[in-house]
Amino acid sequence: MAGKTEIGLWDDDIERIKRTHGVMEKLLRQMRIQAYICTNCEPPQLGRSNLFGKFPVIEVNGNYWHRKPNEDISEEQLAVLFRHLVSMGELSTN
């Protein structure tokens with residue numbers, strides 16, 4: 001079995017990161033997805049990312065997903081994304 005996949009959470013709003021991270025952790029447990037979350041909110045890295053104006057952004061295996069800029073990604077939106085990534089083989093379950 002392969003190791004856990006990293007799911008990146010890119011954002012410039014620390015409070016939104018906390019909310020989104022909590023929802024993501026909950027869904028990973030519920031869906032039994034083998035992954036861990038890595039947050040990135042450091043201005044120099046965000047600046048080099050070419051993602052400004054798109055936050056929050058989810059990254060998996062070098063692919064990026066985002067919804068409306070500066071709005072929380074809902075639990076349902078994250079669940080749909082995670083189910084899609086599992087079906088595509090980007091995330092693994094146990």
Side-chain angles (χ1 to χ4, degrees):
M1 179 193 298
K4 290 185 174 186
T5 301
E6 179 180 301
I7 298 176
L9 173 57
W10 295 71
D11 204 340
D12 58 356
D13 181 327
I14 193 69
E15 293 304 317
R16 189 170 50 226
I17 286 174
K18 290 177 187 177
R19 291 188 302 271
T20 306
H21 191 280
V23 171
M24 290 172 70
E25 281 186 330
K26 175 184 168 186
L27 288 171
L28 292 177
R29 280 192 309 273
Q30 287 178 347
M31 299 172 80
R32 302 183 64 150
I33 293 174
Q34 296 292 311
Y36 64 96
I37 304 161
C38 180
T39 59
N40 190 338
C41 62
E42 296 184 21
Q45 289 181 334
L46 294 176
R48 290 188 296 270
S49 71
N50 294 321
L51 298 173
F52 270 110
K54 297 179 183 176
F55 299 126
V57 175
I58 307 295
E59 175 189 9
V60 178
N61 296 327
N63 296 304
Y64 298 87
W65 291 270
H66 61 92
R67 298 288 296 172
K68 294 181 182 177
N70 299 312
E71 289 186 16
D72 286 12
I73 303 171
S74 73
E75 183 172 339
E76 180 57 31
Q77 291 166 335
L78 285 168
V80 168
L81 174 61
F82 289 170
R83 281 193 295 271
H84 173 72
L85 293 173
V86 167
S87 74
M88 298 299 291
E90 296 291 324
L91 294 174
S92 301
T93 59
N94 61 359

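Since we're looking at a predicted model, the values are computed, not measured. Every heavy atom of this structure was used, including side-chain atoms; hydrogens, water molecules and symmetry mates were not.
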Query raised in the report: Only one of T39, N70, I73 forms a side-chain contact (heavy atoms from CB on, under 4.5 Å) with P56, so which one is it?
Result: I73
Report task. Return yes if some donor-acceptor pair links the side-chain N/O of D13 with the main-chain N/O of E15 below 3.5 Å, else return no. Result -> yes
Query raised in the report: Sub-3.5 Å donor-acceptor pair from the side chain of N40 to the main-chain atoms of E42, do we have one?
Result: yes
Same apolar cluster (I L V M F W Y, side chains within < 4.5 Å links), [X]/[Y]:
X   : Y   : value
F55 : V23 : no
V86 : L9  : yes
I14 : L51 : no

What's the shortest heavy-atom distance between [X] and [Y], and which atoms?
X   : Y   : value
I37 : H21 : CG2-CD2, 3.4 Å
V60 : E90 : CG1-O, 4.1 Å
F52 : D12 : CE2-OD2, 4.2 Å
S87 : H84 : OG-O, 2.7 Å
L78 : M24 : CD1-CG, 3.8 Å

Query raised in the report: Is the shortest heavy-atom distance from the side chain of I7 to the side chain of L85 under 4.5 Å?
Result: no
Query - Note, Y64 side chain near K54 side chain (heavy atom, < 4.5 Å) - result: no
Distance in Å, [X] [atom1] paired with [Y] [atom2], rounded so as to fall on 0.5 Å steps:
X   : Y   : atom1 : atom2 : value
C41 : R16 : SG    : CZ    : 11.5 Å
I58 : N63 : CD1   : CG    : 13.0 Å
N61 : M88 : CG    : CE    : 11.5 Å
E6  : K4  : CD    : NZ    : 12.5 Å
L27 : Q30 : CG    : CD    : 5.5 Å

**Report entry** Heavy atoms from other residues, nucleotides or ligands near CZ of R67 exceed 12 (cutoff 6.0 Å)
**Finding:** no
Query raised in the report: Is there a side-chain contact (heavy atoms from CB on, under 4.5 Å) between F82 and L91 once you walk through the steps?
Result: CA-CA 8 Å; F82 289 170; L91 294 174; 4.1 Å; yes
Report task. Using a strict 4.0 Å threshold on nitrogen-to-oxygen distance, state whether R83 and E76 make a salt bridge. Result -> yes
